[in-house]
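Structure first, commentary second.
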Amino acid sequence: MEKEEIFRIFDACKPTVAVVREYLEKISKESPLELVFRKNGKDSITKKIDRNMGELVGIVVGTTIFYTKVMTWNDVKFMNSEVTAKDVFAFGQKIHPKAIPLNDTVIEILREKRRVFLQIAEMLELSGFPKTYTQKKYLLFNQKDKDTRSIYCNTESNHNALISISYFLKNYGDIYFFASI
């Protein structure tokens with residue numbers, strides 16, 4: 001059924017805003033992918049989206065968890081030097097001992113599941129969680145070194161380039177992390 005036809009039927013029902021909101025909440029209660037929540041120090045994996053589940057920790061795809069905690073410009077703007085790959089890896093360790101920044105391997109998962117991640121982001125937002133994994137551009141890290149540049153990757157194209165880590169954080173977006181489980 002086309003969107004216009006759905007809207008025509010919906011309009012004919014003359015739903016109130018409260019009814020529309022209730023319907024949106026109803027259809028946004030089950031994620032297409034498993035989610036990790038932390039409550040009272042305990043992690044649980046579920047497809048259920050509910051504010052009472054606790055803190056959203058990540059999204060699970062197969063044996064990979066994509067963490068929702070990110071490194072932002074605010075996390076590094078007071079540093080006296082350029083951000084290095086080593087700094088990024090160290091930040092990941094604060095999230096989880098196995099967490100590392102995105103790399104060439106997992107960016108392919110994000111490209112493949114882009115629409116699903118965007119759908120989950122909308123569902124999470126309806127339940128009061130922050131949107132996550134909605135960026136088109138990500139930084140990829142393959143080495144834990146003192147380099148101040150990394151690979152910039154656009155998930156909607158095959159455009160990759162080398163860019164300053166600090167510049168990316170300040171102008172393009174956040175740095176995301178994952179772990180194999």
Across all chains, not counting sequence neighbours, the side chain to side chain contact (heavy atoms under 4.5 Å, CB included) partners of K137 are Y152, N154, F168, Y172
Audit row: V116, L33, side chain to side chain contact (heavy atoms under 4.5 Å, CB included) steps and yes/no | CA-CA 8 Å; V116 176; L33 296 173; 3.7 Å; yes
Regarding E34 and T46, is there a side-chain donor-to-acceptor distance under 3.5 Å anywhere?
-> no
Do any side-chain atoms of residues 97-108 form donor-acceptor pairs under 3.5 angstrom with protein atoms, and if so which ones, sequence neighbours left out?
| from | atom 1 | to | atom 2 | distance (Å) |
| --- | --- | --- | --- | --- |
| N103 | OD1 | T105 | N | 3.0 |
| N103 | OD1 | V106 | N | 3.2 |
| D104 | OD2 | N142 | ND2 | 3.0 |
| E108 | OE2 | R111 | NH1 | 2.9 |

Side chain proximity check, D87 to V76, heavy atoms < 4.5 angstrom = no
Does a side-chain heavy-atom distance below 4.5 Å link M53 with S44?
-> yes
Would you give the length of the straight line joining atom CG of L139 to atom SG of C153, rounded to the nearest 0.5 angstrom?
-> 9.5 Å
Looking at residues at least two apart in the chain, or sitting in another chain, which of them share a side chain to side chain donor-acceptor pair (under 3.5 Å) with D43?
-> R38
For the atom pair CZ (F117) and OG (S31), what is the distance rounded to the nearest 0.5 Å?
-> 9.0 Å
Test side chain to side chain contact (heavy atoms under 4.5 Å, CB included) applied to T84 and F89, step by step = CA-CA 9 Å; T84 67; F89 275 85; over 6 Å; no
Is Y133 close to L118 at the side-chain level, that is, under 4.5 Å between some pair of heavy atoms?
-> no
Compare every heavy atom of K29 with every heavy atom of S127, then report the nearest pair and how far apart it is.
-> OG-NZ, 4.0 Å
Does the gap between the ring centers of Y138 and Y176 come in under 6.0 Å?
-> yes
Could you tell me whether E125 and K131 make a salt bridge, using a distance below 4.0 angstrom between a side-chain N and a carboxylate O?
-> yes
Does K136 come within less than 4.0 Å of E156, counting only side-chain N to carboxylate O?
-> yes
For F178, what residues pass the ring-ring contact (aromatic ring centres under 6.0 Å, His included) criterion, not counting sequence neighbours?
-> none
Pairwise side-chain contact, I175 with F91, heavy-atom cut-off 4.5 Å (strictly under) | no
pair L56-V36: side-chain heavy atoms closer than 4.5 Å | no
Heavy atoms only: give me the nearest E82-S164 pair and the separation to one decimal.
-> OE1-OG, 3.1 Å
Check whether the ring centres of F37 and F129 lie less than 6.0 Å apart, and answer yes or no.
-> yes
Got more than 12 heavy atoms from elsewhere within 6.0 Å of CD, Q93?
-> yes
Applying the 4.5 Å side-chain criterion to the ILVMFWY set and letting contacts propagate, would I181 and I120 be lumped into a single cluster?
-> yes
Student check: side-chain heavy atoms of I163 and R149 closer than 4.5 Å = no
Contacts of type side chain to side chain contact (heavy atoms under 4.5 Å, CB included), residue K170, not counting sequence neighbours = W73
So which heavy atom on A85 is nearest to which on I165, and how close?
-> N-CD1, 3.6 Å
By side chain to side chain contact (heavy atoms under 4.5 Å, CB included), T16 pairs with (sequence neighbours left out) A18, V19
Take F66 and F177 through the test ring-ring contact (aromatic ring centres under 6.0 Å, His included) and record every step on the way to the result.
-> CA-CA 6 Å; F66 290 87; F177 298 85; over 10 Å; no
Can you measure from OG1 (T148) to NZ (K86) and round to the nearest 0.5 angstrom?
-> 14.5 Å
After noting the C-alpha distance and the side-chain angles of V83 and V88, does the key distance pass the side chain to side chain contact (heavy atoms under 4.5 Å, CB included) rule?
-> CA-CA 8 Å; V83 179; V88 174; 4.0 Å; yes
From K39 NZ over to N52 CG, what is the distance, rounded to the nearest 0.5 angstrom?
-> 5.5 Å
Are the side chains of I109 and T64 in touch, meaning some heavy atoms are under 4.5 Å apart?
-> yes
Please check if atom CZ in R114 has more than 12 non-hydrogen atoms from other residues, nucleotides or ligands closer than 6.0 Å.
-> yes
Should R115 and Q119 count as side-chain neighbours, where that means a heavy-atom distance under 4.5 Å?
-> no
How far apart are the C-alpha atoms of I49 and L124, what are their side-chain angles, what is the distance that settles it, and do they pass the side chain to side chain contact (heavy atoms under 4.5 Å, CB included) test?
-> CA-CA 7 Å; I49 299 175; L124 290 168; 4.1 Å; yes
In this structure, NZ of K48 is separated from CD1 of I45 (nearest 0.5 Å) by 16.0 Å
